Amino acid sequence: MPSEREKFQKIALPLGLAVFLIGLGVYAYLGLYFRYWADDWCYNADFRNLGFLETLRGYAYNVTYTPSRYSVTILAGLFYPLGVLGLQLLIPLSLLLWTWGLVRLFKNISIISGYPLPTRQTLLLAAMIVYFSVYLAPHLYQSLYWNTGFFTYTFPLVLTPWVLTLVTDQDSSKTKLILAALLSLLAGGFSEASNTVLVSILAMYTIIAFVGARYQKTWAQKTFVSALVALTFASMAMALLVFAPTTQIRAERYGEPASLPELMVLLFNFTREFVTLSVKDYQQLLIIILAGLLGFVLNSKERQINILKTLGLGLGIFALAVLLVAASLAPSAYVERGLPILRTQIIPRHIMVLAFVALGWIGGYALRQIYAPAWLQVAIPVTLLVAFAFPILTIFTASRYVPVYSERARLWDEREATILSAIDNDQERVEVIAIDGAPVGGIRDFDPPGKTGFWISRCAMDYYGIRFQVTLP
């Protein structure tokens with residue numbers, strides 16, 4: 001006869017997987033309404049008129065958008081030939097790649113730590129982290145459903161687990177080293193904020209692996225070289241971003257950057273504010289509780305744990321999260337003396353969500369080992385089943401975006417059909433309707449001369465090869 005714990009496990013694990021995979025499915029479905037907006041037209045105009053290589057060379061001279069972020073140009077160029085279909089595939093594939101990357105990384109960490117983590121539990125944790133990172137994104141549209149914003153700030157979060165998976169894999173082959181080098185160079189070239197996080201993680205792991213290797217730790221000896229290689233190429237990516245000619249030109253617009261003492265003060269204040277708000281946010285507290293309940297229910301009492309070491313591990317995870325949040329805020333604090341714009345803040349948000357899930361899981365696991373009387377073994381699983389109401393409610397909240405995004409896609413498709421028809425009829429000018437960005441927190445797509453967004457119209461006219469007469473909605 002299965003025990004009560006096993007009965008609850010058979011319910012809780014599939015239920016948790018279903019909830020979070022359905023939640024990710026909602027965001028993947030929204031990807032069907034992904035279209036080109038704002039800076040996307042400038043990239044597309046250059047890809048069509050200049051070609052991929054010349055657009056990539058814009059790294060040295062083009063200041064219309066930000067080609068100094070060379071990885072954005074590379075990825076946008078690879079997806080450009082697929083058109084709208086490529087955009088529609090981008091979010092589902094990225095969510096899958098992001099979740100799978102975290103699963104692989106957690107399995108490697110499980111091997112290194114000696115803490116067994118079954119694949120289905122790993123998948124649950126990964127899906128939970130990705131889902132809440134997206135759900136709590138400070139600006140969903142600009143971080144996920146705007147091509148330039150997605151590649152600049154969110155896609156590096158997709159690739160980072162894969163870099164760390166290669167680093168922590170104890171295979172010492174040359175192929176792995178080459179992949180780690182190339183992927184680190186690519187993952188580090190999307191934005192300054194994501195690069196500082198990647199370099200910080202790799203630097204800390206390289207130091208830990210170096211010390212571990214001195215103490216004859218097998219995992220450290222087998223991963224130190226790959227960590228050093230990845231760190232080297234991620235640092236090269238940082239140099240390519242910082243010292244790009246176009247970066248220097250753009251930097252002049254912001255004036256003198258913060259001095260080192262000023263930067264330290266700004267960074268301390270910004271980090272404290274972000275972390276404090278995260279801790280006070282009831283939704284993120286519910287994430288900790290939910291992860292803790294899962295950690296209790298899905299683990300068995302199998303070993304004695306050292307309470308002080310467990311507390312130290314928890315404090316270490318939180319301290320690491322704080323340091324990485326600071327790293328993500330450092331570029332904007334240095335250049336602009338301010339917090340990064342909302343679309344950038346998906347990076348520190350993801351860091352805090354990951355930390356909260358890890359802390360909750362470890363806390364639930366520790367409680368299971370320390371104190372698990374019969375009544376608690378019944379009360380917590382029941383509480384867990386009730387707690388699943390929280391993510392289920394968030395899925396309903398997320399689904400409310402569907403009519404908004406579908407309407408914008410309908411307007412976009414109708415507008416493009418009008419433009420293509422005019423081109424087929426050899427017209428020199430076509431009347432187009434601007435699409436309001438307010439429903440999703442964006443800017444108006446196409447503007448007449450004299451308006452703020454006319455630069456978008458210019459790029460789109462270059463892309464289509466026809467002049468616009470823009471009508472405001």
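This structure is a prediction, so every number in the text was calculated from the model and none was measured.
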- Would a distance-only check, ignoring hydrogens and angles, find a side-chain to backbone donor-acceptor pair under 3.5 Å from Y36 to L87? no
- Message: Can you confirm whether Y401 is buried at OH, in the sense that more than 12 heavy atoms of other residues, nucleotides or ligands lie under 6.0 Å from that atom?
- Response: no
- Look up atom CG in L198 and atom CG in L159, then write down how far apart they are to the nearest 0.5 Å. 9.5 Å
- Residues H139, Y153; criterion side chain to side chain contact (heavy atoms under 4.5 Å, CB included); working and verdict: CA-CA 11 Å; H139 202 305; Y153 303 109; over 6 Å; no
- Where is the tightest heavy-atom contact between P391 and F20, given as atom of each residue plus distance? CB-CE2, 3.8 Å
- Classify the ring geometry between F132 and F390 as parallel (under 30°), tilted (30 to 60°) or perpendicular (over 60°). parallel
- Message: Show the nearest heavy-atom pair for residues S94 and V158, with the distance to one decimal.
- Response: O-CG1, 3.7 Å
- Side chains of I433 and L411: closer than 4.5 Å at any heavy-atom pair? no
- Above 12 or not: heavy atoms from other molecules or residues under 6.0 Å from NZ of K107? yes
- Task: Would you please classify the geometry between the W162 ring and the W100 ring as parallel, tilted or perpendicular, with 30° and 60° separating the classes?
- Result: perpendicular
- Task: For atom CZ of R120, decide whether the heavy atoms of other residues, nucleotides or ligands shown that lie under 6.0 angstrom number more than 12.
- Result: no
- Task: Give the ring-plane orientation class for F47 versus Y80, where under 30° counts as parallel, over 60° as perpendicular and anything between as tilted.
- Result: tilted
- Message: Please find the pair of heavy atoms, one from L231 and one from A203, that lie closest to each other, and give the distance.
- Response: CD1-N, 3.8 Å
- Query: Which pair of non-hydrogen atoms, one from V163 and one from A230, has the smallest distance, and what is that distance?
  - Reply: CG1-CB, 4.4 Å
- Message: So V72 and Y43, do their side chains get closer than 4.5 Å, heavy atoms only?
- Response: yes
- Query: Within the side chain of N195, is there an N or O that forms a donor-acceptor pair under 3.5 Å with the backbone of A234?
  - Reply: yes
- Task: Could you check Y33 against W412 for ring pair (Phe, Tyr, Trp, His ring centres under 6.0 Å), going step by step and ending with a plain yes or no?
- Result: CA-CA 10 Å; Y33 305 116; W412 192 98; over 10 Å; no
- Note on the structure: Rounded to the nearest 0.5 Å, the OG1 atom of T152 sits from the CZ atom of R69 at a distance of 5.5 Å
Using residues 326-342 as the side-chain source, report each donor-acceptor pair under 3.5 Å to any protein atom, sequence neighbours left out, with the distance given to one decimal.
from, atom 1, to, atom 2, distance (Å)
S328, OG, V325, O, 2.7
S332, OG, L329, O, 3.1
S332, OG, G338, O, 3.0
R337, NE, E262, OE1, 3.3
R337, NE, E262, OE2, 2.7
R337, NH1, E256, O, 2.7
R337, NH2, E256, O, 3.4
R337, NH2, P257, O, 3.2
R337, NH2, E262, OE1, 3.3

- Query: Between OG of S113 and CG of N108, what distance do you get to the nearest 0.5 Å?
  - Reply: 10.5 Å
- Item | Side-chain ion pair, R415 and D445, N-O less than 4.0 Å | yes
- Task: To the nearest 0.5 Å, tell me how far Y27 OH sits from I91 CD1.
- Result: 11.5 Å
- Whether K176 side chain and S226 backbone form a donor-acceptor pair below 3.5 Å: no
- Neighbour count >12 (heavy atoms, 6.0 Å) for atom CZ, R104: no
- Item | Check: W37 ring centroid to Y145 ring centroid under 6.0 Å | no
- Calculate, to the nearest 0.5 Å, the distance between atoms CD and CD1 belonging to Q170 and I112 respectively. 5.5 Å
I'd like a table of donor-acceptor pairs (distance under 3.5 Å, sequence neighbours excluded) in which one partner is a side-chain atom from residues 456-469, with atom names and distances.
from, atom 1, to, atom 2, distance (Å)
S457, OG, D447, N, 2.7
S457, OG, D447, O, 2.7
Y464, OH, E416, OE2, 2.8

- Item | Contact check, side chains of W361 and L117, non-hydrogen atoms, under 4.5 Å | yes
- Task: Could you please spell out the steps behind the side chain to side chain contact (heavy atoms under 4.5 Å, CB included) verdict for E54 and D46?
- Result: CA-CA 8 Å; E54 185 59 35; D46 282 353; over 6 Å; no
- Query: Hey, does the side chain of S110 reach the backbone of F106 with a donor-acceptor pair shorter than 3.5 angstrom?
  - Reply: no
- Query: Got V279 and F356 here, is their nearest side-chain heavy-atom distance under 4.5 Å?
  - Reply: yes
- Any idea how F155 and F151 line up, ring-wise: parallel (<30°), tilted (30 to 60°), or perpendicular (>60°)? perpendicular
- Item | Nearest non-hydrogen partners of P161 and W98, listed with the distance | CG-CD1, 4.4 Å
- Message: Quick check against the 3.5 Å criterion: does T99 have a side-chain atom that pairs as donor or acceptor with the backbone of L96?
- Response: no
- Item | Residue pair W146 / D39, side-chain donor-acceptor N/O under 3.5 Å | no
- Does a side-chain heavy-atom distance below 4.5 Å link Y141 with R343? no
- Does D281 reach the main-chain N or O of Q283 with its side chain, forming a donor-acceptor pair under 3.5 Å? yes
- Message: Is there a side-chain contact between L182 and I178 in this structure, where contact means two heavy atoms from C-beta onward sitting under 4.5 Å apart?
- Response: yes
- Message: Within a 6.0 Å radius of atom CG on L89, are there more than 12 heavy atoms belonging to other residues, nucleotides or ligands?
- Response: yes
- Drop me the distance from I288's CD1 to M352's CE, to the nearest 0.5 angstrom. 8.0 Å
- Item | CA sep, side-chain torsions, deciding dist, call: I347, V197, side chain to side chain contact (heavy atoms under 4.5 Å, CB included) | CA-CA 9 Å; I347 298 172; V197 172; 4.0 Å; yes
- Message: Is any side-chain heavy atom of Y29 closer than 4.5 Å to one of V26?
- Response: no
- Identify the two heavy atoms, one from D436 and one from A438, that lie closest to each other, and give their separation to 0.1 Å. OD1-N, 3.1 Å
- Item | M128 vs L294, side chain to side chain contact (heavy atoms under 4.5 Å, CB included): CA-CA, chis, key distance, verdict | CA-CA 11 Å; M128 183 178 179; L294 287 167; 4.0 Å; yes
- Do L164 and L202 touch side chain to side chain, with heavy atoms closer than 4.5 Å? yes
- Message: Give me each pair satisfying ring-ring contact (aromatic ring centres under 6.0 Å, His included) with a member in residues 223-242, each pair once, sequence neighbours excluded.
- Response: F210-F224
